Amino acid sequence: MLPHKQIELKLQTVVREILPDADVSAVLVRPCDPKFGDYQSNALMSLAKTRKLNPRQLATDVLARLDLASVCEKVEIAGAGFLNFRLKNSVLVASLQAAARGEHLFFTKAASPKTIVIDFSSPNVAKPMHVGHIRSTGIGDALQRALRLLGHKVISDNHIGDWGTQFGKLLLGWKQILNRAELERDAIAELERLYKVINAECDANPARLEEAKSELVKLQAGDAENVAIWKEMIALSQKQFDEIYGRLGVKFDHALGESFYNPWLSEVVNDLLAKKIARESEGAVGVFSDGTQPPKEDPFLVNRDGEWIADPALVRKSDGGFNYTTTDLATIDYRLKTWSPQEIIYVVDDRQSGHFKKLFLIFTRWKPDAAKTTKLVHVGFGKIMGEDGKPFKTRSGDTVKLGELLDEAVERAYKTVCEKSAELPEAQQREIARVVGLGAVKYADLLPNRQSDYIFSWDKMLALQGNTAPYLLYAYARIKSIFRKAEVKIQNAEIKLVAPEEITLANHLLNFGITLEAVAEELRPNYLCNYLFELAGKFTSFYENCPVLKADDAATRDSRLALCDLTARVLKQGLESLGIETVEQM
RNA sequence: GCGUCUGUAGCUCAGUUGGAUAGAGCACCUGCCUUCUAAGCAGGUUGUCGCGCGUUCGAUUCGCGCCAGACGCACCA
């Protein structure tokens, strides 16, 4: 068991003895400022607070019964009632030794694994994937990787936008102005052109709009020709998606698009009507407020000029068509029936938070029993802005296509590789550039707290210094370089932690699991980014101050090699959890 | 108008049950390549945590009210 878990366990046991009714699940330790110790618990202070106890007295009572002599140096009470723990050197060493033997990598699998459906990326058919898609795709993929690493059963599902009113216009365009040669050359660009042209015509001419609508109606009615064209558009788009996901190394267990749920949509609406959750209004069917919440917190109400008026979630349009709330409800139902998940996570733009609030509320009204066992979570994120603070666009004002963004990242990385590592063969330079470029894009997107908008900057992203993917990859490559030069193989080397840099690094390795758990708990990959950045920093400090291959004696050398190896393994595993590859040399 | 999110160093951003003297990178300055990759390291400078009030032993964190910005508000998703 990892040392901090041992501390927590003993601490919880003692707290339970002293306060039998206390909920000890929040009695945890956290890594802290090294001047106080390796770990700290402030849980006693909040326990004391709710019970109106003197926090220092409680800490004293707990400490009197706390026997951690085998794990820590003397435990200290500080300030208002902090407990500070410093690990015994032998415990730290033993933990590293166990990791070196392959018994663990500083994290433990979840005690009770959950089944979790994670819904992310969700690009639209017939449209190019743009820069915005990196957010849902990267965050979603990092989350699925971290959750899997911790032993949860994850089902990733790409809810592709393959249905909707846009197909009326696309079908009209396909039939009337399609350029076959262009379709061969760049299918997505041609489809995008069709949409743009017809859309403009529809805006200007109601008759064109009617034509488009009638194509849509034919598609929805199962007209053979329209269905065939629609399927071809999906196939062409899928080629694009596969190419991008292939480059990004993103895999889905399923890609059940919106259209997959068509057979159940009218059923969903009828059920909602039968259960009086939805009602008719102005020819449409919608879910309205049930009046159980104060108006301010009720997402089905909106204030207009001082009056609270209905803001329903429509599930059927007055023309009989369905809305995305309907599809999303059918999707929830399908996922419940198919996988019985404890959690369904939606990695979707924060601008849709209102939709999800409504959707989740409808779910609890519609499936009250399922709602008790399945938690729905919206993992929202902000927009990518240009350096002018406005939404990130190309110089000509178009949205930035994801494929082109990746190309440019790799190209820029290639230029740097050629400068810095001119001696390497070109194939290897290309490979380094690929990993560094793609890694830089992903890392830059995962690093900021996901809910805020962030400013996209080529220079910062591919900067060679600072909190960037290249910095982390460089630290990893330096370790690997040591092993290329090492003439010995380390096997069960005895680890000794003497130099301050060795101890600091070792302590930080132990926190990998705490970090992964925080990522899984709060669904924030940026915690892992910061952990790895610190790890790389502490390693580099060690590297500068503690010669490895040129250590004074063989024992020190072997010990340091073991420390290098563990650091490399955590770095690689951590980066992998972020969806970032590593290179052995750069 | 109402709602949601955001506001932390000159710039870009972190800040994990409320916790100790609020951190990092960039930029700027000073050192360090005949020693394992200088895409590096060591050190220095930088703050009314938007403003005010409240809860608390303790608030960047929680509550309320302002100010500023972004986004959203019935048949698109």
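Here is how names work: the chains are called A, B, and so on, in the same order as the sequence lines, proteins then strands, and each is numbered from 1. These numbers were taken from a predicted model, which means no experiment stands behind them.
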task: For B/U16 versus B/C28, give the span between their P atoms, rounded off to a whole number of Å.
output: 31 Å
query: When you compare B/U17 with B/C2, how far apart are their C1' atoms, in angstrom units rounded to a whole number?
result: 33 Å
message: Using atom P in both nucleotides, what's the gap between B/C49 and B/A59 to the nearest angstrom?
response: 12 Å
message: Would you measure the distance from the P atom in B/G65 across to the matching atom in B/U4 and give it in whole Å?
response: 10 Å
Ring-face cation of A/Arg30 near A/Tyr39 (centre distance under 6.0 Å, axis angle within 45°): no
query: Which part of the nucleic acid does A/Ile455 contact within heavy-atom distance under 4.0 Å: base, sugar-phosphate only, or nothing?
result: sugar-phosphate
field: Base of B/A20 and ring of A/Phe36 stacked, centres under 5.5 Å, planes under 30°
entry: yes
Residue A/Arg30, side-chain atoms from C-beta onward, closest of B/U16, B/C41, B/A39: B/U16
query: In whole angstroms, how far is the P atom of B/A70 from the CZ atom of A/Arg450?
result: 23 Å
field: Ring-base stacking, A/Phe82 with B/G19 (5.5 Å, 30° cut-offs)
entry: no
message: I'd like to know whether the aromatic ring centres of A/Phe82 and A/Phe36 sit less than 6.0 Å apart in this structure.
response: no
field: Distance in angstrom units between A/Tyr195 OH and B/A77 P, rounded
entry: 11 Å
task: Could you tell me the separation between the NZ atom of A/Lys420 and the P atom of B/A38, rounded to a whole number of Å?
output: 11 Å
Closest to the A/Phe533 side chain, choosing from B/C73, B/C41, B/A24: B/A24
query: Does A/Arg524 or A/Lys357 map to a spot on RNA chain B nearer the 5' end, using the closest nucleotide for each?
result: A/Lys357
field: 5' precedence on RNA chain B between A/Glu544 and A/Ala78 (nearest-nucleotide basis)
entry: A/Ala78
message: By the 4.0 Å heavy-atom rule, please label A/Ser122 as base, sugar-phosphate, or nothing.
response: nothing
field: A/Lys550 side chain near B/U35 phosphate (N/O to OP1/OP2, under 4.0 Å)
entry: no
query: With a 4.0 Å cut-off on heavy atoms, is A/Pro448 in touch with a base, just the backbone sugar-phosphate, or nothing at all?
result: sugar-phosphate
query: Is the phosphate of B/G40, meaning OP1 or OP2, less than 4.0 Å from a side-chain N or O of A/Ser541?
result: no
query: How many Å lie between NZ on A/Lys383 and C1' on B/C5, as a whole number?
result: 9 Å
For the student: nearest non-hydrogen atoms of A/Cys564 and A/Phe483, plus distance: CB-CE1, 3.8 Å
